[in-house]
Amino acid sequence: MEATVVREPAWVRYGLWVVFPLVGGAVGWFLPGIAQWVADLPDLPGKGPFRLVASFPRGPATLVAAGVGVLAGLALALVAAYERVTVTVARDRVTLKRGDGSTVVLRDRVWAAFADGKRLVIVDREGAEPARQKHDLSRAALAAAFRAHGYPWLDRDPFHDRYRLWVVGVPGLPPGGEALLAARATALEKSKHEDASRMRDELARLGVVVRDEKKTQYWRLAEPL
């Protein structure tokens with residue numbers, strides 16, 4: 001059986017290259033008029049940038065602003081394309097690809113997979129998570145792909161009731177776990193997602209599994225199944 005590739009629908013993948021530039025161009029087209037309207041408002045502080053935009057000749061300013069808006073929309077579409085997640089489910093492995101990076105989980109390590117909100121999670125027999133990837137894919141499509149290739153798909157996290165809220169000084173963590181979770185909390189607060197991801201990997205090496213709810217961390221120890 002050929003590998004099954006789960007990705008966003010074509011209208012999403014290609015539509016963003018049209019929608020983002022159109023929206024950016026429209027915003028740019030109306031920007032000089034909006035700037036003039038704001039500049040004419042009485043007793044409004046911080047009008048300097050709006051007065052500057054309104055001071056340019058309306059015709060050329062409109063064309064330039066619309067062009068910049070289109071370019072900004074293309075840049076956003078490029079970022080969205082780079083951040084897009086693709087999951088390839090094959091007989092012998094599961095590959096999660098995002099941007100230039102990818103995570104490969106061999107079949108003999110997959111105990112089960114499930115969706116935790118907008119995250120795809122793979123659990124191994126040691127109770128660890130070799131993959132936890134945020135995505136915008138169809139949960140039904142992911143479930144169908146895993147089941148089609150004989151991988152167990154669960155309706156919920158089998159360890160859901162074992163997670164504990166992390167707070168400073170919580171008992172039960174292995175040596176080094178407290179410091180990593182504290183550093184990771186700072187990274188999450190500052191939206192440094194790559195740093196937070198690396199610290200998750202370090203915690204996994206200590207046998208600690210982390211689950212985030214917004215910027216709050218929950219943790220559990222990996223336990224063999």
More than 12 heavy atoms from other groups under 6.0 Å of [atom1] on [X]:
X	atom1	value
Lys190	NZ	no
Arg147	CZ	yes
Arg107	CZ	yes
Lys215	NZ	yes

With heavy-atom distances below 4.5 Å as the criterion, would you say the side chains of [X] and [Y] are in contact?
X	Y	result
Leu74	Trp17	yes
Trp219	Leu203	no
Ser197	Met199	no
Lys97	Thr88	no
Arg164	Arg220	no
Arg184	Glu202	no
Thr62	Phe30	no
Val209	Phe159	no

At their closest point, which heavy atom of Ala65 faces which heavy atom of Gly28, and how far apart are they?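 Taking Ala65 first and Gly28 second, the nearest heavy atoms are CB-O, 3.0 Å.
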How close do Leu206 and Gly176 get, counting heavy atoms only, and between which atoms?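 It is CD1-C, 3.9 Å.
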How is the hydrophobic cluster of Leu120 composed, in terms of its other members, when Ile, Leu, Val, Met, Phe, Trp and Tyr link through side-chain heavy atoms under 4.5 Å apart, directly or indirectly?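 Its cluster partners, ordered by chain and number, are Val6, Val85, Val87, Val89, Val94, Leu96, Val105, Val110, Ile122, Leu137, Leu142, Phe146, Tyr151, Trp153.
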From CG (Asp116) to CZ (Arg139), nearest 0.5 Å: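 Atom-to-atom, Asp116:CG and Arg139:CZ are 8.5 Å apart.
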In Å, rounded to the nearest 0.5 Å, how long is the span from NE2 of His135 to CZ of Arg98?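 Going from NE2 on His135 over to CZ on Arg98, the span is 11.5 Å.
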Assess whether a salt bridge exists between Arg132 and Asp212, defined as any Lys/Arg side-chain N lying under 4.0 Å from an Asp/Glu carboxylate O.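 No, Arg132 and Asp212 are not salt-bridged.
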Looking at Asp201 and Arg198, does any basic side-chain N land under 4.0 Å from a carboxylate oxygen?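 Answer for the salt bridge query: no.
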